[in-house]
Amino acid sequence: MKLGVVGLPNVGKSTLFNAITKAGAECANYPFCTIEPNVGVVAVPDERLDKLAALYDSQKITPAVIEFVDIAGLVRGASKGEGLGNKFLSHIREVDAIVHVVRCFDDDNVTHVDNKVDPKSDISTIDIELELADLETVEKRLVRLKNLLKSDKKYAYDIEVAEKVQAELAKGVPVRDMGLDNEEKAVVKEMFLLTDKPVIYVANIGEKDIGKPDNDHVKAVKDVAKASGAEVIVLCAKVEEELAELDDEDRELFAADYGLTQSGLDVLVTVGYRTLGLISYLTAGEKETRAWTITVGTKAPQAAGKIHTDFEKGFIRAEIVNYQDLLDCGSTAAAKEKGLMRSEGKDYVMKDGDVVLFRFNV
């Protein structure tokens with residue numbers, strides 16, 4: 001589960017990445033500072049884990065995680081290899097969703113690649129480059145499909161879908177906004193298109209704008225996002241980076257000075273988790289309390305397979321209690337006595353916050 005942090009040079013990508021991972025990716029006021037992608041694994045905030053661990057006196061807590069990839073800045077012409085375009089495009093193909101950082105602050109001391117702060121134009125620049133790259137991919141795919149069609153007519157449908165996607169991309173429509181049905185999506189998935197990935201916009205504001213109504217730059221980002229149903233997170237990457245360097249007590253005091261009740265990074269991770277269609281089920285015991293990541297709609301045997309393949313192969317049943325019910329009861333035994341622990345079979349669809357004990361036999 002990877003989120004790729006992208007944007008034009010000098011919009012705050014690496015500053016945000018530093019805050020996310022505390023990994024210290026190099027930051028500097030010039031384009032292409034981040035040449036090779038930096039990768040960091042981030043815990044998904046989940047207060048349920050601490051409460052369950054206290055209930056079971058667990059020795060260890062293991063949260064769910066999301067991987068962030070800080071990708072080199074993109075410039076106009078990247079689809080043709082300008083700047084670090086080829087590196088950008090190859091790295092972005094490997095992520096599951098895109099975190100598009102957009103500069104929403106004015107600062108004469110921080111160079112803008114186009115010499116002006118214009119969020120709509122900045123977003124358009126990256127969108128166009130990704131669409132052009134996808135067009136090239138689709139065109140190559142069509143050549144191959146038409147050759148295959150000569151010996152097998154089953155490829156006629158794939159060609160039909162590819163030509164539809166090609167026409168829409170040429171109009172500037174990203175794949176994710178084309179309204180494709182499930183059958184069409186299955187064909188498109190095999191092409192690994194960049195604009196098929198969901199996007200989260202991060203409006204990076206200046207310190208002076210924290211806690212104030214949206215400035216015109218942020219409003220512009222929200223207008224773009226609304227058109228495609230994407231989410232927008234407003235934060236100050238510089239302040240988030242400073243917060244990330246502090247211990248818990250100092251962080252609370254520092255955040256209070258800015259009127260922040262929740263870290264922007266916590267919001268980003270949570271939104272990223274939701275954007276990817278992910279939920280967590282929980283396991284708890286004396287040795288460990290842990291969150292396990294699954295996609296929405298996952299059934300019990302496949303969820304068990306996240307722990308170990310033998311759990312899925314030899315699945316018998318899942319003993320499940322809702323997290324809040326368990327907390328209210330105070331123990332597994334009390335939950336059982338009240339009939340709140342259920343025995344579920346192979347067709348059970350897992351829910352976020354299920355506390356589970358899997359029974360299996362191999």
Side-chain angles (χ1 to χ4, degrees), residues 1-3 39 41-46 48-53 55-69 93-97 182-183 185-192 196-198 269-270 272-327 329 331-362:
M1 293 155 293
K2 293 184 180 180
L3 296 179
V39 180
V41 177
V42 185
V44 177
D46 194 339
R48 298 174 301 190
L49 294 175
D50 291 327
K51 293 177 180 179
L52 274 181
L55 191 65
Y56 284 87
D57 197 21
S58 302
Q59 298 170 17
K60 180 181 178 183
I61 297 176
T62 305
V65 296
I66 284 185
E67 190 172 306
F68 282 86
V69 184
R93 287 190 197 282
E94 299 171 5
V95 304
D96 300 303
N182 289 336
E183 197 173 359
K185 286 178 181 178
V187 174
V188 170
K189 188 176 181 180
E190 296 178 0
M191 291 188 267
F192 301 99
D196 194 24
K197 302 177 186 296
V269 174
T270 302
Y273 208 63
R274 184 167 66 239
T275 297
L276 291 173
L278 304 175
I279 59 174
S280 296
Y281 74 82
L282 313 170
T283 56
E286 186 178 335
K287 288 186 177 180
E288 181 184 45
T289 290
R290 181 166 181 164
W292 300 86
T293 301
I294 53 175
T295 55
V296 172
T298 298
K299 293 185 177 180
Q302 288 69 51
K306 283 284 182 179
I307 299 176
H308 197 286
T309 53
D310 284 350
F311 282 36
E312 182 176 356
K313 290 175 184 175
F315 179 87
I316 299 173
R317 66 181 183 276
E319 295 177 1
I320 296 175
V321 60
N322 172 268
Y323 157 78
Q324 191 59 53
D325 287 342
L326 176 59
L327 213 62
C329 290
S331 70
T332 303
K336 284 181 179 179
E337 284 178 14
K338 293 185 178 182
L340 296 173
M341 180 164 277
R342 313 180 312 276
S343 181
E344 301 287 357
K346 294 182 178 180
D347 292 329
Y348 176 73
V349 177
M350 301 292 292
K351 296 180 177 62
D352 187 59
D354 280 344
V355 182
V356 191
L357 175 63
F358 290 110
R359 299 293 184 182
F360 71 102
N361 183 31
V362 177

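Treat the numbers as computed from the prediction; the structure is a model and nothing was measured.
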| task | Walk me through it: do E288 and T62 pass the test side chain to side chain contact (heavy atoms under 4.5 Å, CB included)? | result | CA-CA 7 Å; E288 181 184 45; T62 305; 2.5 Å; yes
From [atom1] ([X]) to [atom2] ([Y]), nearest 0.5 Å:
{"X": "D354", "Y": "N322", "atom1": "CG", "atom2": "CG", "result": "7.0 Å"}
{"X": "E337", "Y": "S331", "atom1": "CD", "atom2": "OG", "result": "7.0 Å"}
{"X": "E312", "Y": "K346", "atom1": "CD", "atom2": "NZ", "result": "10.0 Å"}
{"X": "L357", "Y": "R317", "atom1": "CG", "atom2": "CZ", "result": "8.5 Å"}
{"X": "K351", "Y": "T298", "atom1": "NZ", "atom2": "OG1", "result": "12.5 Å"}
{"X": "K2", "Y": "E67", "atom1": "NZ", "atom2": "CD", "result": "5.0 Å"}

How close do [X] and [Y] get, counting heavy atoms only, and between which atoms?
{"X": "A318", "Y": "A300", "result": "CB-CB, 4.3 Å"}
{"X": "R290", "Y": "W292", "result": "CD-CZ2, 3.3 Å"}
{"X": "V65", "Y": "A43", "result": "CG1-CA, 4.2 Å"}
{"X": "L276", "Y": "A97", "result": "CD2-CB, 3.6 Å"}
{"X": "A304", "Y": "F315", "result": "CB-CD1, 4.3 Å"}
{"X": "G272", "Y": "I66", "result": "C-CD1, 4.0 Å"}

| message | With a sphere of 6.0 Å drawn around CD of E286, does it hold more than 12 non-hydrogen atoms of other residues, nucleotides or ligands? | response | no
| What pairs with Y348 under ring pair (Phe, Tyr, Trp, His ring centres under 6.0 Å), at least two apart in sequence or on another chain? | none
Do the non-hydrogen side-chain atoms of [X] and [Y] ever get within less than 4.5 Å of each other?
{"X": "T295", "Y": "L278", "value": "yes"}
{"X": "L340", "Y": "C329", "value": "yes"}
{"X": "T332", "Y": "L326", "value": "yes"}
{"X": "I61", "Y": "D50", "value": "yes"}
{"X": "V188", "Y": "K185", "value": "no"}
{"X": "M350", "Y": "V356", "value": "yes"}
{"X": "P63", "Y": "L49", "value": "yes"}

| request: Show your reasoning for whether side chain to side chain contact (heavy atoms under 4.5 Å, CB included) applies to D46 and L282. | output: CA-CA 11 Å; D46 194 339; L282 313 170; 4.2 Å; yes
| task | For side chain to side chain contact (heavy atoms under 4.5 Å, CB included), just list the numbers for L3 and V95, CA-CA rounded to whole Å, side-chain angles, deciding distance to a tenth of an Å, and then say yes or no. | result | CA-CA 6 Å; L3 296 179; V95 304; over 6 Å; no
| said: Under the rule for side-chain contact (heavy atoms from CB on, under 4.5 Å), what residues qualify as partners of V42, not counting sequence neighbours? | reply: I20, T21, F68, V269
| field | N361 side chain to G314 backbone, donor-acceptor under 3.5 Å | value | no
| message | Checking the side chain of R359 only, and the main-chain atoms of E319 only, is there a donor and an acceptor separated by less than 3.5 Å? | response | no
| field | Salt bridge R48-D352, side-chain N to carboxylate O under 4.0 Å | value | yes
| Listed partners of K197 passing salt bridge (Lys or Arg N to Asp or Glu O under 4.0 Å), at least two apart | none
| Would you call the rings of Y281 and F358 parallel, tilted or perpendicular, where under 30° means parallel and over 60° means perpendicular? | perpendicular
| said: Evaluate D325 against V355 for side chain to side chain contact (heavy atoms under 4.5 Å, CB included), listing each step before the verdict. | reply: CA-CA 10 Å; D325 287 342; V355 182; over 6 Å; no
